[in-house]
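Inspection log for the structure reproduced underneath, given as structure tokens.
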Amino acid sequence: MMDALILSRIQFAANISFHILFPTITIALGWVLLFFKLRFNATGDEKWFDAYRFWVKVFALSFAMGVVSGITMSFQFGTNWPGFMETVGNIAGPLLAYEVMTAFFLEAVFLGIMLFGFRRVPGWLHTLATFLVAFGTTMSAFWILVLNSWMHTPAGFEMREGVAHATDWFAIIFNPSMPYRLVHMLLASGLTVAFLVAGFSAFRWLIGDRSASVRATLKTGLVMGALLIPIQVLAGDMHGLNTLEHQPQKVAAMEGNWETRSNVPLVLFALPDEEARENRYEIGIPNLASIILKHDADGVVPGLNDFVAEDGSALHPPVAPVFFSFRVMIGTGVAMLLLSWASVFFMARRDVSRGGTRHRRGVEGLPKPLLWALVPMAFSGWVATLAGWYTTEIGRQPWLVQGIMTTADAVADVPAPFVATSLVAYLAVYVVLLGAYVSVLFYLATKTAKGERVALRPGSGEATTAAAAAVAAE
Amino acid sequence: MTLFGDPTVWLPLVFAALMGVSILVYVVLDGFDLGVGVLFPFADEAERDRMVASIGPFWDANETWLVLAIGILLVAFPSAHGAILTALYLPVAVMLIGLILRGVAFEFRVKAPHRWKLFWDRAFFGGSLMTSLSQGYMLGIYIMGLEITVFTTAFSAMTAIALTVAYSFIGATWLIMKTESQLQRKAVNWAKGGIWGVVLGLGAVSVASPFVSQRIFEKWFSIPEIFLLAPLPLIALGLVALLWYALRHLPARNDSFAWFPFVITIALFVLGFFGMAYSFYPFVVPDQLTIYEAASAPESLFIILVGTCFVLPMIVGYSILAYTIFRGKARDLTYD
């Protein structure tokens, strides 16, 4: 029989994993919509408004999913983790309050105007509403990442009678890991949306949509992905070095490194065995972990065995989940890099097939296998983001707030059957909603693709170009 | 911070007031859009589309007031937050699942293939009903001092039904204001059928509260308080009579006074709220924990208050902007 602690942890993990899928989309998609709207304002080209019209539907659906699962999160603190607010409420409270006041209302109110106000308000106000929704989602990310970072690297407070009291709000907000974590997450959102847009545009292309709008969005997604991924690699590396400084036990688990030593290899694969405290079936590249983490092959990297209590119990996180989550994240990132750069390479190639001038082939230059590979990559951002969050959050265990309180300290005295009941109900709802969400996205894409095809007038310039493009793609 | 005297006295009071206002605004605003959802089974498909169109631009912001209210409880009175929410664990879970279902149904009912629309309409109704019933149940349990016995459960089952009917009533009055012709006439009939929920809800809470708690009894039936309180039920009775008179004469020619039932219902909700606030002050957990005992550290409350003074007027301002943009009779919702 599982106790309320483990059930509450599973419930929180399920809720927050489900929740984060949708803000990860809406944070960056808001800005992409603003980009479409501004391009439309500047060029008057209908293709940008068509792009806006399709993606605003995805935005509205994702936003609703994010809002309702977010409300659930705000109640979880009280229903399952009252100890959290009782101990660090003086810090967490104001940060959450600022999120509600500066972000939630802003996005909720202007979303109504953004979605349904196009015919009711002047064009500039509609563009402003789009901007404010994007700004609101980003503000929301800012405040929640401030709080999350503070839980990893607490600063600017003092403990009085077991309760944290704020002493320096600047130090609390700009705590040591906040800038790294925030940038890493915003880029993750950008990449998620880049591949979502590219993936569904590729899908529409493959089922025969040759509209100007699908070309524009396919290119936008791929270029955005290709530009963001190297920045993300750099930001991720800096975030890792920051973690090494503040939470070395987490990095040790990520690397699967047991002993503190120099010349540590980069472990590509292994089965970490926490009983034997060693890796089995290890495959690694000599010295590379030392080089990455210390920029020196002889650099000393901390090991897990430094984090064991005198009674033999572990003071480090469970190794295997952190170790594997980290590899899933890195692997997905590598796939993103290869596919987006390959796509840009093919789009940038010149050919002489049309009109005798050597111009870039654009989206027609994309080989079909690459387009098919982009379709499942539409949700690659979700995989990488979840894996990254699992790495950092499981990596914080057994602490809830690093060095201040453990997860077990915060759990509510609620009967385990209650938690089990609510957990099963949430899981059932989440499975149905996730299935409905993904299938509706494909349904909308198919409907739009077919609609565009029907709309083409035979003999018009657009249809001729589309037919030529269809031939080129074969 | 000491400008207005001892901050450990006035700060909790200010935050209790802020939380109260948030709950009141939530009950009125989400009350009408939850009520519209509860009325779904009585409408046909075209009417349901129009009903959703009347609340589509607003529901999300309306629900944010719940997040603000629970947020203030969380940040300003953390120990009360834990005590109340762990005591109400299961009804909270029911409410949250209801909110999830109805929130996503807004989107899915028009974006999913048409054959699924009826399914999502049922989810919208089911979610709205679960949310309303669980909120009414929680209200009952709260009034009963968070004690769960056979009697308190029976009482809370009644408040659950009363609040649900009251929500559907304010939802119907919203529809009287926002719709025309056939649907508007239907809404008038719905309102006529639901007015008893408001009366029963207000009546039950008013009668039960003083008998559950000796403290509330003394607060109500001592002199001079009884003379100060007497106008509250009298005004409420007057408003109900006015509502009944108005409903019998609506819809009127030129659609005049279509706003009237909605506004009067808001006034009734406000009266009921002040009655409750008067009864429970200074307790945040009935008869157990006062707002002063449960309050966070003054320096944390102060930093929130500074932000609130700037941000709350802005929130009110752009909320009014949104209601102004979408004023008048509801039209079909389109993205372009």
Side-chain angles (χ1 to χ4, degrees), chain A residues 49 53 56-57 60-61 63-65 67-72 74-75 77-79 82-83 85-86 89-94 96-98 100-102 104-106 108-113 115-121 163 165-166 169 412-414 418 421-422 425-426 429 433 436 440 443-444, chain B residues 56-58 60-64 66-68 70-76 78-79 81-86 88-90 92-97 99-104 106-108 111-113 116 296-297 299-300 303-304 307-308 311-312 314-315 318-319 321-322 325-326 333-336:
Chain A
F49 196 70
R53 192 157 35 199
V56 83
K57 288 179 193 159
L61 183 59
F63 196 90
M65 299 280 274
V67 166
V68 295
S69 55
I71 294 175
T72 311
S74 67
F75 277 86
F77 291 121
T79 52
M85 288 309 280
E86 278 158 24
N90 289 326
I91 314 286
L96 290 169
Y98 271 86
V100 178
M101 292 193 299
T102 63
F104 288 172
F105 278 106
L106 195 69
V109 171
F110 284 98
L111 181 73
I113 299 172
L115 293 182
F116 308 119
F118 187 70
R119 296 244 178 265
R120 285 183 178 252
V121 300
V163 174
H165 286 257
W169 281 103
D413 186 21
V414 174
F418 279 24
T421 308
S422 59
Y426 284 126
V429 170
L433 291 188
V440 164
Y443 170 74
L444 287 175
Chain B
F58 310 115
D60 187 356
N62 293 350
E63 228 165 85
T64 308
L66 175 67
V67 180
L68 181 65
I70 208 70
I72 294 175
L73 179 63
L74 176 78
V75 303
S79 49
H81 178 260
I84 293 170
L85 290 187
T86 50
L88 297 173
Y89 187 88
L90 289 179
V92 166
V94 172
M95 176 184 77
L96 291 172
I97 289 171
L99 285 171
I100 291 174
L101 288 177
R102 74 184 295 274
V104 299
F106 267 100
E107 297 294 329
F108 280 124
K111 293 193 173 65
W116 284 98
S296 294
E299 69 270 15
S300 293
I303 192 117
I304 304 174
T308 309
V311 181
L312 205 58
M314 286 170 65
I315 294 173
Y318 57 65
S319 299
L321 174 73
I325 288 171
F326 297 102
L333 292 180
T334 53
Y335 282 174
D336 48 23

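Below, chains carry the letters A, B, ... as their sequence lines are ordered, and counting in each starts from 1.
- The shortest side-chain heavy-atom distance between A:Phe104 and B:Glu63 does not fall under the 4.5 Å cut-off.
- By the side chain to side chain donor-acceptor pair (under 3.5 Å) test, B:Tyr89 is found to be paired with A:Gln11, A:Asn80, A:Ser422, residues two or more places apart in sequence or in another chain being considered.
- Per-residue counts of heavy-atom pairs under 4.5 Å with chain B were compared for A:Gly83, A:Pro94, A:Gly112; the largest is that of A:Pro94.
- In terms of non-hydrogen atom pairs under 4.5 Å with chain A, the most contact-rich of B:Thr308, B:Leu73, B:Val94, B:Leu85 is B:Leu85.
- Interface remark: of the candidates B:Leu99, B:Leu90, B:Ile84, B:Val67, B:Leu90 forms the most heavy-atom pairs closer than 4.5 Å to chain A.
- B:Ile100 touches chain A through backbone and side chain together, each having a heavy atom under 4.5 Å away.
- Interface remark: B:Phe326 contributes backbone and side-chain atoms alike to the contact with chain A (heavy atom separation under 4.5 Å).
- Here the closest non-hydrogen pair linking A:Leu106 and B:Tyr318 is N-OH, 3.0 Å.
- One N or O on the side chain of A:Tyr98 and one on the backbone of B:Gly307 form a donor-acceptor pair closer than 3.5 Å.
- Contact tally against chain B (heavy-atom pairs below 4.5 Å) for A:Met65, A:His165, A:Met101: the top residue is A:Met101.
- Atom CZ of A:Arg120 sits about 9.0 Å away from atom CD1 of B:Ile325, to the nearest 0.5 Å.
- Closest non-hydrogen pair, A:Trp169 versus B:Ser300, comes out as CZ2-OG, 4.2 Å.
- Annotation: maximal heavy-atom pairing with chain B below 4.5 Å, among A:Val56, A:Val429, A:Ile113, occurs at A:Ile113.
- Only the side chain of B:Met95 comes within less than 4.5 Å of a heavy atom in chain A; its backbone stays farther off.
- Comparing A:Ala60, A:Ala64, A:Gly89 by how many heavy-atom pairs each has under 4.5 Å with chain B, the most go to A:Ala60.
- Comparing A:Gly93, A:Ala166, A:Pro82 by how many heavy-atom pairs each has under 4.5 Å with chain B, the most go to A:Gly93.
- The CD1 atom of B:Ile315 lies 8.5 Å from the OG1 atom of A:Thr102; values are rounded to the nearest 0.5 Å.
- Comparing B:Leu312, B:Leu96, B:Leu88, B:Val104 by how many heavy-atom pairs each has under 4.5 Å with chain A, the most go to B:Leu96.
- For B:Ile70, the part lying near chain A is the side chain, with the backbone staying farther off; criterion is any non-hydrogen pair under 4.5 Å.
- Atoms CG and CG, on A:Leu433 and B:Leu101 in that order, are 6.5 Å from each other to the nearest 0.5 Å.
- Across B:Lys111 and A:Leu444, no two heavy atoms sit closer than the pair O-CD2, 3.8 Å.
- Both the backbone and the side chain of A:Leu61 come within contact range of chain B, each with at least one heavy atom under 4.5 Å from a heavy atom of that chain.
- Residues B:Gly103 and A:Val68 come closest through the heavy atom pair CA-CG1, 3.7 Å.
- Ranked by heavy-atom pairs shorter than 4.5 Å toward chain B, the options A:Val121, A:Leu96, A:Ile91, A:Val414 are led by A:Val414.
- When all heavy atoms of B:Ala297 and A:Asn90 are compared, the pair lying nearest together is N-OD1, 3.1 Å.
- With chain A as partner, the option from B:Pro78, B:Ala76, B:Ala93, B:Ala61 having the largest number of non-hydrogen pairs under 4.5 angstrom is B:Ala61.
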Exercise. In sequence, state the C-alpha distance, the side-chain angles, and the governing distance for B:Leu68 and A:Phe105, and then conclude on side chain to side chain contact (heavy atoms under 4.5 Å, CB included).
Key: CA-CA 9 Å; B:Leu68 181 65; A:Phe105 278 106; 4.0 Å; yes
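- At a 4.5 Å heavy-atom cutoff, the contact between B:Leu66 and chain A is made by side-chain atoms alone.
- Within a 6.0 Å sphere centred on OH of A:Tyr443, other residues, nucleotides and ligands contribute more than 12 heavy atoms.
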Exercise. Determine, stepwise, if the pair B:Leu321 / A:Phe110 fulfils side chain to side chain contact (heavy atoms under 4.5 Å, CB included).
Key: CA-CA 10 Å; B:Leu321 174 73; A:Phe110 284 98; 4.2 Å; yes
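- Contact between A:Ala97 and B:Ile304 at its shortest, heavy atoms only, is CB-CG2, 3.8 Å.
- Taking CD1 of A:Ile71 as the reference point, atom OG1 of B:Thr64 lies at 7.0 Å (rounded to 0.5 Å).
- In this structure, chain A has no heavy atom under 4.5 Å from any part of B:Phe106.
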